[in-house]
Amino acid sequence: QVQPVESGGGSVQAGGSLRLSCTASGITFSTYTMAWYRQAPGKERELVAVITRSGSTNYADSVKGRFTISRDNAKNTVYLQMNSLKPEDTAVYYCRKTILSGREYWGQGTQVTVSS
């Protein structure tokens, strides 16, 4: 009931699309800041996209124009729509929620593989 859970990962050819989902239980979901991170082999974890409790968004430069983060508070779910995927997008994608106190909760991750 505390940890986010990711789904929607898989394998796709370059130029294709995937939509990731992250659910986080709680009647106060609308107060959480939600974010997607990713970690590729041999690299450190990096921020991909953020959506605040007000709906404001921000993106890493590498995904701007291709990825869209959104949330459905009624479903306690945040999404990451990924279009025009590139091989360099291959990574494990993690969902992070941050509650009002600043405490963070991380999901287990979902694998995204983009082949050339």
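Residue indices begin at 1 and follow the sequence shown.
A donor-acceptor pair under 3.5 Å is absent between the side-chain atoms of Thr113 and the main chain of Ser11, judged by distance alone. Side chain of Thr52 to main chain of Ser56: a donor-acceptor pair is present (N/O by atom type, distance under 3.5 Å, no hydrogens or angles). Between the side chain of Gln3 and the backbone N or O of Trp106 there is at least one donor-acceptor pair closer than 3.5 Å. Panel note: side chain Ser101, backbone Ile99; no donor-acceptor pair is recorded below 3.5 Å.
If you take CE on Met34 and OG on Ser70, they are separated by 11.5 Å, rounding to the nearest 0.5 Å. Going from atom CG of Leu85 over to atom OG of Ser115 covers 10.5 Å, rounded to the nearest 0.5 Å. Atom-to-atom distance recorded for Leu80:CG and Glu6:CD is 11.0 Å, nearest 0.5 angstrom. Within the model, atoms CG of Leu18 and CG of Asn83 stand 9.5 Å from one another, a figure rounded to the nearest 0.5 Å. One distance of note links OG of Ser7 with OH of Tyr79; it measures 9.0 Å at 0.5 Å rounding. Note that OG of Ser116 and NZ of Lys86 are 13.5 Å apart. Values are rounded to the nearest 0.5 Å.
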**OP:** Could you walk me through whether Thr23 and Asn76 pass side-chain contact (heavy atoms from CB on, under 4.5 Å), step by step?
**Re:** CA-CA 6 Å; Thr23 59; Asn76 287 2; 5.5 Å; no
Original post:
Asp72 and Thr77: side-chain hydrogen bond (donor to acceptor under 3.5 Å, both in side chains), yes or no, with the steps?
Top reply: CA-CA 5 Å; Asp72 186 338; Thr77 300; over 6 Å; no
**OP:** Apply side-chain contact (heavy atoms from CB on, under 4.5 Å) to the pair Val114 and Glu88, showing each step before the final yes or no.
**Re:** CA-CA 8 Å; Val114 184; Glu88 50 263 46; over 6 Å; no
**OP:** Report the C-alpha separation of Leu20 and Gln81 in whole Å, then their side-chain angles, then the decisive distance to 0.1 Å, and conclude whether the side-chain contact (heavy atoms from CB on, under 4.5 Å) test is met.
**Re:** CA-CA 6 Å; Leu20 306 183; Gln81 179 66 48; over 6 Å; no
Original post:
Passes side-chain contact (heavy atoms from CB on, under 4.5 Å), Val112 versus Arg38? Steps please.
Top reply: CA-CA 9 Å; Val112 171; Arg38 67 185 182 187; over 6 Å; no
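Remark: Arg96 is not positioned above the aromatic ring of Tyr32, lacking an NZ or CZ atom under 6.0 angstrom from the ring centre and at most 45 degrees off the axis.
Looking at heavy atoms from C-beta onward, Val92 lies out of side-chain contact with Thr110 at the 4.5 angstrom threshold. Side-chain contact between Thr68 and Met82: absent, with no pair of heavy atoms (C-beta onward) separated by less than 4.5 Å. Looking at heavy atoms from C-beta onward, Thr57 lies out of side-chain contact with Val50 at the 4.5 angstrom threshold. You'll find the side chain of Ile51 stays beyond 4.5 Å of the side chain of Thr33, heavy atoms only.
Aromatic ring centres of Phe67 and Trp36: separated by at least 6.0 Å.
A salt bridge links Asp61 to Lys64: at least one charged side-chain nitrogen sits closer than 4.0 Å to a carboxylate oxygen. Ion pairing between a basic and an acidic side chain is recognised when a charged N comes within 4.0 Å of a carboxylate O; Glu104 and Lys97 show no such pairing.
More than 12 heavy atoms of other residues, nucleotides or ligands lie within 6.0 Å of CZ in Arg45, so this atom counts as buried by the packing criterion. With a 6.0 Å radius and a threshold of 12 heavy atoms from other residues, nucleotides or ligands, Gln108 has its CD atom at or below the threshold.
Closest heavy-atom contact between Val78 and Ile69: CG2-CG1, 3.8 Å. The two residues Pro4 and Cys22 have their closest heavy-atom pair at CB-SG, 3.5 Å. Residues Ala91 and Ala40 approach most closely at CB-N, 3.8 Å, considering heavy atoms.
The hydrophobic clustering, which links ILVMFWY residues whose side-chain heavy atoms are closer than 4.5 Å, places Tyr93 and Val12 together.
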